[in-house]
Amino acid sequence: MSAKSKSNLYLYLALVCFAGILAIFVVDGYLGLYDTLYVTVQEREQVIEPDYWQQRWVKESYEGYSLGVGWGESIPFRYEIDNRSFSTYLVDVEVSVWKGGQKIVELLDRTEVSVAPFKKTIIDWTLQSEDLGESSPVSGEYREYTVRIKRGEIERKIILSYYPVPGYPEKGPPLPIPVPETSR
Amino acid sequence: MRIYILYGFGILLCVSGVGYLAVEYIKYLSEPGKLACLALTTAMFALFGKYFYERGW
């Protein structure tokens, strides 16, 4: 092998290493476990992507995702677990509603979920205002609850701010129209 | 002389940009991925060094 072709071989091998680094970035970024949460509030579906929980301010302050909900509205949740790995993912999922550090209601009680390799699993549940065991908030009052979704060691928090839905008075008989008295 | 200062400045910006991107990407890599990247980076610099040595630099 000539000296030039030998030096070129080193260059090609170095380029192969560089291509390998790029391939690791792509493949490693794709592989893993991803969870997406879909919450429908006021007929609008909110999608909470896995990236949301990776943001520094969410991680550091351990903040949840905030949503405003009208009292009386039922909130459907859809939790999708995407297993992009070569082994089956087995985990316990627990969903509960908390207020002031106290558990109010358990929506999903330690449900064992199994996700096959490179497959997705969807878990869904619905939260009704009646489940919270409180009466409707009065005008101007806001009530906040935390929905905790625990998947193994990982916890996701959704903060629900309930506001009262203004009610309209029922239609009754028409009010009598005062007739001015006429002097005769 | 002035052109070399500009070259140096450009190279510095490129290296710092690539370094910043690498740091950002590395955050999301798994531990085996980080290790493999480290091994490949070491091999890449060693091979580049060998290439330039063979060329008489």
Side-chain angles (χ1 to χ4, degrees), chain A residues 1-36 48-62 81-91 115 117-118 151-154 156, chain B:
Chain A
M1 194 186 277
S2 68
K4 197 180 175 190
S5 63
K6 200 177 165 190
S7 70
N8 279 346
L9 180 70
Y10 290 133
L11 179 67
Y12 296 144
L13 284 174
L15 290 175
V16 166
C17 286
F18 183 68
I21 292 168
L22 292 185
I24 288 171
F25 280 172
V26 173
V27 174
D28 201 290
Y30 175 77
L31 294 177
L33 281 161
Y34 297 89
D35 59 340
T36 312
I48 306 158
E49 302 273 359
D51 288 353
Y52 174 78
W53 311 105
Q54 299 301 321
Q55 292 175 88
R56 192 183 293 168
W57 62 274
V58 177
K59 270 185 167 178
E60 283 173 4
S61 59
Y62 192 51
I81 304 170
D82 189 1
N83 179 16
R84 296 182 198 162
S85 70
F86 297 97
S87 57
T88 304
Y89 179 60
L90 272 169
V91 73
V115 193
F118 297 98
R151 173 173 61 87
E153 295 294 307
I154 295 159
R156 308 294 191 212
Chain B
M1 180 62 193
R2 207 181 289 167
I3 198 82
Y4 287 110
I5 294 170
L6 275 176
Y7 280 155
F9 191 61
I11 289 166
L12 198 72
L13 280 179
C14 284
V15 170
S16 58
V18 170
Y20 172 74
L21 285 177
V23 166
E24 285 297 305
Y25 272 109
I26 284 256
K27 272 188 213 166
Y28 300 101
L29 286 185
S30 64
E31 291 303 315
K34 280 178 191 169
L35 188 66
C37 275
L38 181 69
L40 284 175
T41 311
T42 313
M44 189 179 74
F45 280 116
L47 288 163
F48 267 130
K50 204 81 176 128
Y51 168 70
F52 287 118
Y53 178 76
E54 291 286 323
R55 284 180 67 101
W57 280 38

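Reminder, nothing fancy here: chain letters follow the sequence lines and each chain counts from 1. Side chains included, hydrogens not; waters and symmetry mates left out as well; all remaining heavy atoms used.
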_Is it true that, when you exclude B:F52 itself, more than 12 heavy atoms of the residues, nucleotides or ligands shown sit nearer than 6.0 Å to its CZ?_
yes
*Just wondering, more than 12 heavy atoms not from A:Y52 lying within 6.0 Å of its OH?*
yes
*asked:* If I compare all heavy atoms of A:D28 with all of B:S30, which pair ends up nearest, and what's the gap?
replied: OD2-OG, 2.7 Å
*Is there a side-chain contact between B:Y51 and A:N8, using heavy atoms and a 4.5 Å cut-off?*
yes
*Nearest 0.5 Å, what's the CE-CG distance between B:M44 and A:L13?*
12.5 Å
*Between atom CG of B:L29 and atom CD1 of A:I24, what is the distance when rounded to the nearest 0.5 Å?*
8.0 Å
*asked:* Would you say that A:L11 contacts B:F48 through its side chain, given a criterion of any heavy-atom pair below 4.5 Å between the two side chains?
replied: yes
*Would you check if B:C37 and A:F25 make a side-chain contact, meaning some heavy-atom pair closer than 4.5 Å?*
yes
*Which residues, numbered in order, of residues 14-23 of chain B come under 4.5 angstrom of chain A by heavy-atom distance?*
none
*Assess whether atom CZ of A:F118 is packed by more than 12 heavy atoms of other residues, nucleotides or ligands within 6.0 Å.*
yes
